[in-house]
Amino acid sequence: MRAVIMDAPGQITVGEREDPRIIEPTDAVIRLTATCICGSDLWPYRGVEPADHTPMGHEYVGLVEEVGASVTTVKPGDFVVGSFVISCGVCEICRSGYPSKCIHAEFVAGIGTQAEKARIPHADGTLVATPGMPDDGLIPSLLAASDVLGTGWFAADAAQVGPGKTVAVVGDGAVGLMGVLAAQQMGAERIIAMSRHADRQALAREYGATDIVTERGAEGAARIKELTGGLGAHSVIEAVGTEESMLQAIHATRGGGHIGFVGVAHEGVQLPLDQLFFAEVHLHGGPAPVRRYLPELIQKIWDREIDPGKVFDLTLPLDQAAEGYAAMHERRAIKVMLTL
Ligand SMILES: [Zn+2]
Ligand SMILES: [Zn+2]
């Protein structure tokens with residue numbers, strides 16, 4: 001099968017990989033309809049993480065081709081959306097609502113879904129079938145549910161977004177924009193998007209942002225305080241993953257407020273404990289338990305209540321993946337969908 005391979009940082013090729021097959025009775029093999037490039041794929045692209053002939057991709061939708069003997073919830077021919085983390089669905093951690101910390105958790109990035117096919121372990125606990133065969137127009141939104149929508153949703157949930165709340169969103173990448181959409185859906189009264197890019201500001205407004213703040217860091221946090229009578233936001237979504245963005249989130253939150261942090265932090269990123277201590281805020285974050293939200297999110301997309309697929313502003317065939325990576329790296333695109 002054809003698959004995207006990162007030969008070395010900055011070097012993307014579409015080459016051949018062996019076709020996946022069923023190994024465990026809990027596996028499914030899916031034929032991908034669409035996949036995409038994630039902001040986190042840019043870390044190895046930029047050389048921040050290693051890349052050596054690495055298969056790429058962790059977001060996916062497609063058709064089930066084959067299932068193992070013990071798979072019961074999906075069958076060949078089903079259209080499925082899966083989480084970017086494999087989960088069994090039955091262990092104590094999965095049942096408590098944290099499938100991304102499943103005792104069998106495995107990052108789909110290690111499988112590589114920027115490819116024609118993928119083997120998905122623990123299919124019952126990872127995949128969700130759609131109510132029927134989706135129209136082409138729904139594919140981008142269903143694909144967004146696989147990671148960025150589910151991640152933005154978790155961030156808003158973790159930040160305890162709800163009616164009457166003021167929400168600030170740090171980060172205007174796809175996840176930050178999905179955080180805006182989630183906050184709007186959860187009934188936030190005011191949603192402040194922090195962004196310097198006109199195209200992203202426009203999409204944030206479309207998704208429900210009521211205010212835009214262009215300042216960053218300490219200035220950005222000060223601006224949020226100014227806009228909230230000196231108190232800070234009730235709920236802050238952090239979708240970047242650096243020390244600066246996390247401190248911006250902490251200082252933009254009111255005492256007793258909540259932060260949902262989903263920006264992927266890298267080794268060496270540290271927080272000054274004194275600032276954290278005196279901020280007196282709730283922190284909850286990590287790799288989003290996307291699988292928990294998938295049934296609800298798929299239904300909202302199916303009913304056309306939400307249109308998260310607009311976050312894909314460039315669509316290319318899988319064979320042109322290298323151009324997709326370059327476009328995201330150079331910020332010419334927010335998020336790139338690859339079609340098969
Ligand atoms: Zn992703
Ligand atoms: Zn589990």
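Quick caveat: nothing in here was measured; it's all calculated off a predicted structure. The basis for the numbers below is simple: all heavy atoms, side chains too, and nothing from hydrogens, waters or symmetry mates. Counting starts at 1 for both ligands and their atoms, in listed order.
Using a 4.5 Å heavy-atom cutoff, the side chains of Phe79 and Leu142 are in contact. Between His284 and Asp157, the closest side-chain pair of non-hydrogen atoms is not below 4.5 Å.
For the pair Arg292 and Tyr98, the cation-pi criterion (under 6.0 Å, within 45° of the ring axis) is fulfilled.
The distance between the ring centers of His104 and His122 falls below 6.0 angstrom. Taking the six-membered ring for Trp, His251 and Phe278 have ring centres at least 6.0 Å apart.
Looking at Asp147, its N, O or S atom nearest to the Zn ion (ligand 1) turns out to be OD2.
Here the Zn ion (ligand 1) is the vertex; the SG atom in Cys38 and the OE2 atom in Glu59 give an angle of 90° (to 10°).
Comment: Arg216 does not engage Glu244 in a salt bridge, judged by the lack of any side-chain N to carboxylate O separation of less than 4.0 angstrom.
When each of Val81, Ile306, Thr130 is tested with Ile301 by the rule side-chain contact (heavy atoms from CB on, under 4.5 Å), just one qualifies, namely Ile306.
Protein N, O or S atom count below 2.8 Å of the Zn ion (ligand 2): the structure gives 4.
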